[in-house]
Amino acid sequence: MDSNLRGVCVVTNLSAVETETDTIWATGSQGAVVRSTDSGKTWKRLRIPGAESLDFRGVQAFDAKTAYVMSSGEGAQSRIYKTADGGEHWKLQYQGGQKEFFLDALICNDEKHCAALSDPVDGRFVILANTDGEHWTELPRESMPAALPKEGAFAASNSSLCLEDKDIHFGTGGPAARVFASHDFGKTWTVGSTPIVSGNASSGIFSLFCDERTVIAVGGDYQDPGRAYKNAAVSQDGGKSWELAIQPPGGYRSAVGKYGGGFVSVGPTGTETSVDGLHWNFIGKVNFNGYSSTIFGGSGWAVGPHGTVAKFLDQTKHLI
């Protein structure tokens, strides 16, 4: 498959009696939606009518049958679809309007507790919420701090947005690398700067991992993918203060996630693992865009260009 895969979501099949198996959903360019229900042994391409040219940057799944997929693009190219029967049928739940509207990420706690992020419209970022599994509505933006001129979020890996209960965090790039935070599901907001590199349209925060008070940010400059400069930082107080990685990843990184008691960062020039988010150890040079793991990071999967899919075997290697 020639699709550039960016979205990935892995869930453990709870119905398995003797051995646990993973269901993996992955999405990408040229309308690609693929799924494996047997830990990657076999794959099925799923078709969404009328969406063959869309770029599906995000997916959130809950089992082998139920999933949301999100496409990115200007205005009407940004859409959210849902299936409840393993991709046999899809329902278009949301479609963008204004040209400035551009979906960057879609994250769920469960099927009826989801949020999606769009680049700024009329000077402020847009957060969509789904609280019933069917309808997406824009959260009020009165208390959302204004975006800086040309500030945006990145849709590289469906991970510039975090959702934990009522806590929402998202990272930005462009003129500044900032983290917006709400602790009451969008009623009030704060925003703070991070030390991640920024200053042009291709640099900033590309991915966040959020767990209680710990927030890990990775990014860099995708136009200079080999530059290992201010591309990872950790906050231990919910994003109020930040510490740059002491031993940073080896270049621009598009996704960060949990794995095996630690963390994984992936990008075009390779992959690193870390115990604390401050010291990153290089484990391979395969080009990946996105990453997902099961709860507590027990099983991790990465996706990338040309339909690449890989499973992490341990903290030192992965199997493509």
Side-chain angles (χ1 to χ4, degrees), residues 7-15 23-27 33 35 37 46-51 54 56-73 75-98 101-122 124-144 153 155 158-170 180-189 208 210-211 292 294-295:
V8 58
C9 187
V10 53
V11 292
T12 300
N13 297 334
L14 300 177
S15 59
T23 290
I24 309 102
W25 295 72
T27 59
V33 181
R35 183 198 58 185
T37 57
L46 308 174
R47 307 284 180 178
I48 303 178
L54 294 181
F56 286 109
R57 299 289 183 96
V59 56
Q60 290 284 281
F62 312 97
D63 50 44
K65 293 189 176 296
T66 309
Y68 298 98
V69 296
M70 176 204 78
S71 63
S72 298
Q77 297 298 302
S78 280
R79 304 178 193 177
I80 299 171
Y81 292 86
K82 184 182 181 182
T83 182
D85 58 9
E88 293 295 325
H89 301 88
W90 295 87
K91 181 180 179 182
L92 175 60
Q93 290 191 334
Y94 194 89
Q95 184 168 349
Q98 291 174 262
F101 187 87
F102 190 107
L103 285 174
D104 297 296
L106 187 161
I107 301 295
C108 298
N109 283 342
D110 55 56
E111 187 183 347
K112 295 183 180 180
H113 190 193
C114 303
L117 168 69
S118 164
D119 279 346
V121 176
D122 298 328
R124 283 181 167 82
F125 286 92
V126 180
I127 298 287
L128 303 177
N130 183 332
T131 57
D132 63 1
E134 296 294 332
H135 303 92
W136 295 82
T137 56
E138 183 181 322
L139 293 180
R141 290 193 284 162
E142 289 80 6
S143 64
M144 173 82 71
N158 193 46
S159 58
S160 54
L161 172 69
C162 287
L163 176 63
E164 295 287 330
D165 193 23
K166 292 186 177 181
D167 291 340
I168 305 172
H169 293 82
F170 66 87
F180 288 67
S182 173
H183 303 292
D184 49 20
F185 204 60
K187 293 179 182 177
T188 59
W189 289 90
L208 293 178
C210 310
D211 184 11
S292 175
T294 53
I295 298 174

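Numbers for residues simply follow the sequence, beginning at 1.
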Handout entry: Output field: ring centroids Trp25/Phe56 closer than 6.0 Å
Key =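 Trp25 vs Phe56: aromatic centres not under 6.0 Å.
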Close side-chain approach of [X] and [Y], heavy atoms under 4.5 Å:
{"X": "His169", "Y": "His183", "result": "yes"}
{"X": "Asp63", "Y": "Thr23", "result": "no"}
{"X": "Thr83", "Y": "Thr66", "result": "no"}
{"X": "Leu46", "Y": "Arg35", "result": "yes"}
{"X": "Tyr94", "Y": "Leu106", "result": "no"}
{"X": "Glu134", "Y": "Lys82", "result": "yes"}
{"X": "Thr137", "Y": "Leu139", "result": "no"}

Exercise for the section: Show your reasoning for whether side-chain contact (heavy atoms from CB on, under 4.5 Å) applies to Leu117 and Ile127. Expected result: CA-CA 5 Å; Leu117 168 69; Ile127 298 287; 3.8 Å; yes
Do you know the tightest heavy-atom contact between [X] and [Y]?
{"X": "Cys108", "Y": "Gln60", "value": "N-OE1, 2.9 Å"}
{"X": "Ser72", "Y": "Leu103", "value": "OG-O, 2.7 Å"}
{"X": "Ala105", "Y": "Leu161", "value": "CB-CB, 3.7 Å"}
{"X": "Val59", "Y": "Ala67", "value": "CG2-CB, 4.5 Å"}

Residues which pass salt bridge (charged side-chain N to carboxylate O under 4.0 Å, His left out) with [X], listed by chain and number, not counting sequence neighbours:
{"X": "Glu138", "result": "Arg141"}
{"X": "Arg79", "result": "none"}
{"X": "Glu142", "result": "none"}

With no hydrogens and no angle check, is any side-chain donor or acceptor of [X] less than 3.5 Å from a backbone partner on [Y]?
{"X": "Ser182", "Y": "Thr188", "answer": "yes"}
{"X": "Asp184", "Y": "Lys166", "answer": "no"}
{"X": "Asp110", "Y": "Lys112", "answer": "yes"}
{"X": "Asp119", "Y": "Val121", "answer": "no"}
{"X": "Arg124", "Y": "Met144", "answer": "yes"}

Which residues share a ring-ring contact (aromatic ring centres under 6.0 Å, His included) with [X], sequence neighbours left out:
{"X": "Trp90", "answer": "none"}
{"X": "His135", "answer": "none"}
{"X": "Phe102", "answer": "none"}

Please round to the nearest 0.5 Å and tell me the distance separating atom [atom1] of [X] and atom [atom2] of [Y].
{"X": "Gln77", "Y": "Ser71", "atom1": "CD", "atom2": "OG", "result": "7.0 Å"}
{"X": "Ser160", "Y": "Phe180", "atom1": "OG", "atom2": "CZ", "result": "12.0 Å"}
{"X": "Lys65", "Y": "Thr37", "atom1": "NZ", "atom2": "OG1", "result": "9.5 Å"}
{"X": "Tyr68", "Y": "Thr27", "atom1": "OH", "atom2": "OG1", "result": "15.5 Å"}
{"X": "Ser78", "Y": "Gln98", "atom1": "OG", "atom2": "CD", "result": "12.5 Å"}
{"X": "Cys9", "Y": "Ile24", "atom1": "SG", "atom2": "CD1", "result": "10.5 Å"}

Practice task
Just do the side-chain contact (heavy atoms from CB on, under 4.5 Å) check on Phe101 and Leu128 with the steps written out, would you?
Solution key: CA-CA 11 Å; Phe101 187 87; Leu128 303 177; 4.0 Å; yes
Practice task
Please lay out, stage by stage, how Phe125 and Trp189 fare under the test ring-ring contact (aromatic ring centres under 6.0 Å, His included).
Solution key: CA-CA 11 Å; Phe125 286 92; Trp189 289 90; 9.3 Å; no
Handout entry: CA sep, side-chain torsions, deciding dist, call: Asn158, Ile107, side-chain contact (heavy atoms from CB on, under 4.5 Å)
Key = CA-CA 8 Å; Asn158 193 46; Ile107 301 295; 4.1 Å; yes
